[in-house]
Amino acid sequence: MKIINPATEEMIKDLPEDDASSLGAKFQLLKGAQRAWQEVNLSERVKRIHRFSEILTNDREQLAAILTQEVGKPIRQSRNEINGAVTRIQWLTANAEKYLNEEWMISDKNPEEKIVYEPLGVIANISAWNYPYLVGINVFVPALLAGNAVMYKPSEMATLTGLEIDKRLKEAGIPGTAFQLAIGAGSVGEYLLQIPFDGYFFTGSYRIGKSVYEKAALKMVPCQCELGGKDPLYVADDVVDIRAAAASTADGAFYNNGQSCCAVERIYVHSKIHDQYIDEFVNVVRTWKIGSPEGNDIYIGPLTRREQLVVLENQVNDAVQKGAVVLTGGKRLKHKGYYFEPTVLVNVTHGMRVMQEESFGPIIGIMRVNNDEEALKWMGDTEYGLTAAVYSGSRERAEGILKKLNVGTGYWNCCDRVSAAVPWSGRQHSGIGATLSHIGLRGFTKTKAFQLKSLD
Ligand code: NAD
């Protein structure tokens, strides 16, 4: 498997992929030793995972440089990702004992009754490349804390980071009998679905997630899917500061080059403030520096995958043919690397692909609406359901809209953010199940109810 630097198109490394036989052997190793990991005290497992987060902090510069080289993420955003990962682990370790220890439901009667949260067993974690630390940690950290053994398949586009994660976990005291890597592309993911894991946790596209979910269903084991989105954002006419809203929402659309599952993918603006908002938005976009992601001042680096350039070009062409206007950007850069200019489209309609299909790149369609009802109608016109945001001076107005949308997360005056304290979940084609929060910690367990009658 060739690892390519998306900024230079040069090969960084050539690695051997796993095959059915090596994956089978790794699975047997995990299967044989999972109980031993489960029997390590929860407080000790917490301690080791906490140590892992300290190692990430200590090695941040080195790890950020590898991430940037491999996925093209601007270096400052790579550092941010590692900082975010550490914060996330801190929440999970601080709360693991509260939510994973046994829970007494009736202790003052006979029989006494309690719930015990047992690990699922050996789970497969098939992961994405866009935030390899964050989306990986959503799964393998709570899974390990709960006493599972984990086979972690990093995306083929984030394999070097996967290898670094593996090394740091081992250094922190997670044994190789509790954590193994599966190295390779889609075919390795397919092999994992032929192995009898006790649970499948997938992060990636709807197209692949659906096939993973179908295959896992036949095994009658838990399967969670964190998939894509077409996340809408509405800027209401009572927004407090239009310039600040434009800056915040532009960042929500373009951070990480728009390659975030919860990136803002569609914007609806109240007609009363539409023109001013657009001016401010375009001004912000024009301030960003595009270039080699190693630069500290770079906000837009290359896309991670070459194929996405064509997806973006097709969306722009389709929109322009149907009447959209390109205010800035609209094409790839001519030099080496998978660069695409940050692109703002107005005069868009819902008949355009850019307002329907996940773009997963630096491109946004902005549409004028006349009132909240119209905004709500368009926001809900999607097969996805990850997040939605409303910028407004009124919390009541925003919450009223967010309550009516079929999404896993609603944001008021913020967007494109994930917190470990609340569940991260998608609806419809954005997925099934939840990670993070107490729900995400318990998502890697199966409950056993004890009813204990004393005959004294
Ligand atoms: P992808 O679906 O192409 O790949 C995801 C993983 O599946 C990779 O590890 C890949 O090797 C593996 N895979 C590919 N074919 C497979 C098969 N046939 N069987 C089993 N596994 C297979 O997605 P991606 O390009 O890595 O990630 C981008 C997508 O992920 C976007 O749609 C994005 O929105 C989504 N995403 C969602 C979240 C979330 O939390 N909801 C987070 C990050 C990314």
Side-chain angles (χ1 to χ4, degrees), residues 1 17-24 26-27 30 120-132 134-136 138-140 143 148 150-159 162 180-231 259-263 265 304-308 310-311 314 353 356-361 382-386 406-408 424-435 440 443-444:
M1 188 172 62
E17 283 192 69
D18 270 304
D19 57 20
S21 124
S22 66
L23 293 170
K26 287 179 182 182
F27 175 74
L30 295 173
L120 296 173
V122 185
I123 64 124
N125 174 193
I126 302 175
S127 206
W129 49 264
N130 58 331
Y131 288 94
L134 295 173
V135 298
N138 284 4
V139 174
F140 64 70
N148 298 277
V150 178
M151 177 91 83
Y152 170 55
K153 187 189 119 34
S155 161
E156 57 273 36
M157 251 87 59
T159 303
Q180 283 287 324
L181 286 184
I183 298 293
S187 57
V188 168
E190 283 180 29
Y191 287 137
L192 294 180
L193 283 146
Q194 291 165 20
I195 294 175
F197 282 96
D198 300 304
Y200 288 86
F201 293 82
F202 176 85
T203 309
S205 61
Y206 166 68
R207 188 175 67 83
I208 307 289
K210 182 171 174 279
S211 80
V212 167
Y213 196 61
E214 281 168 355
K215 289 178 187 157
L218 300 176
K219 299 175 192 284
M220 298 283 285
V221 294
C223 177
Q224 286 201 176
C225 293
E226 300 200 331
L227 310 178
K230 189 71 194 166
D231 296 1
Q259 301 170 120
S260 308
C261 51
C262 53
E265 289 249 343
T304 305
R305 294 176 309 167
R306 179 201 288 276
E307 310 86 75
Q308 204 64 14
V310 178
V311 172
N314 288 343
R353 291 164 68 174
Q356 294 287 340
E357 297 169 0
E358 187 177 42
S359 303
F360 222 60
T382 176
E383 59 201 18
Y384 290 105
L386 192 57
N406 194 16
V407 293
W424 185 244
S425 66
R427 300 189 185 170
Q428 307 193 85
H429 289 186
S430 291
I432 189 142
T435 53
F444 298 89

Is the backbone of S21 close enough, under 3.5 Å, to the side chain of D19 for a donor and an acceptor to pair up by distance? yes
Give the minimum heavy-atom separation between L120 and P222, together with the two atoms involved. CD2-CG, 3.9 Å
If you compare all heavy atoms of N138 against all heavy atoms of W424, which two are closest, and at what distance to 0.1 Å? ND2-CD1, 4.3 Å
Once rounded to the nearest 0.5 Å, what's the spacing between atom CE of M151 and atom CG of L181? 9.5 Å
Kindly say whether Q428 contributes a backbone atom to a donor-acceptor pair with the side chain of N406 at under 3.5 angstrom? no
If I compare all heavy atoms of M1 with all of G184, which pair ends up nearest, and what's the gap? SD-CA, 3.8 Å
Heavy-atom pair of closest approach, residues G209 and L227: CA-CD2, 3.9 Å
Shortest non-hydrogen separation from G162 to Y152 and the atoms involved: CA-CE2, 4.2 Å
Do NZ/NE/NH1/NH2 and the carboxylate oxygens of K26 and D18 come within less than 4.0 Å? yes
Donor-acceptor pairs under 3.5 Å, side chain of residues 190-202 to any protein atom, not counting sequence neighbours: which ones?
| residue | atom | partner | partner atom | Å |
| --- | --- | --- | --- | --- |
| D198 | OD2 | K31 | NZ | 3.3 |
| D198 | OD2 | V122 | N | 2.8 |
| Y200 | OH | L192 | O | 2.9 |
| Y200 | OH | I195 | O | 2.5 |

How would you list, by chain and number, every residue that makes a side-chain contact (heavy atoms from CB on, under 4.5 Å) with E358, sequence neighbours excluded? E265, F360, Y384
What are the two closest heavy atoms between E17 and V188, and how far apart are they? OE1-CG2, 3.8 Å
Does anything in residues 212-225 form a side chain to side chain donor-acceptor pair (under 3.5 Å)? List the pairs, not counting sequence neighbours. K210-E214
Output, in order, the C-alpha distance, side-chain angles, deciding distance and verdict of side chain to side chain contact (heavy atoms under 4.5 Å, CB included) for C261 and L386. CA-CA 8 Å; C261 51; L386 192 57; 3.8 Å; yes
Between the NE2 atom in H429 and the OH atom in Y206, the distance rounded to the nearest 0.5 Å is 3.5 Å
Is there a side-chain contact between S359 and K230, using heavy atoms and a 4.5 Å cut-off? yes
Supply the atom-to-atom distance R427 CZ to I432 CD1, rounded to the nearest 0.5 angstrom. 11.5 Å
Check whether any side-chain N or O of S430 sits under 3.5 Å from a backbone N or O of G385 as a donor-acceptor pair, and report yes or no. yes
Side chain to side chain contact (heavy atoms under 4.5 Å, CB included) between N130 and T304, worked out: CA-CA 8 Å; N130 58 331; T304 305; over 6 Å; no
Mind running side chain to side chain contact (heavy atoms under 4.5 Å, CB included) on I126 and I208 for me, showing each step along the way? CA-CA 11 Å; I126 302 175; I208 307 289; over 6 Å; no
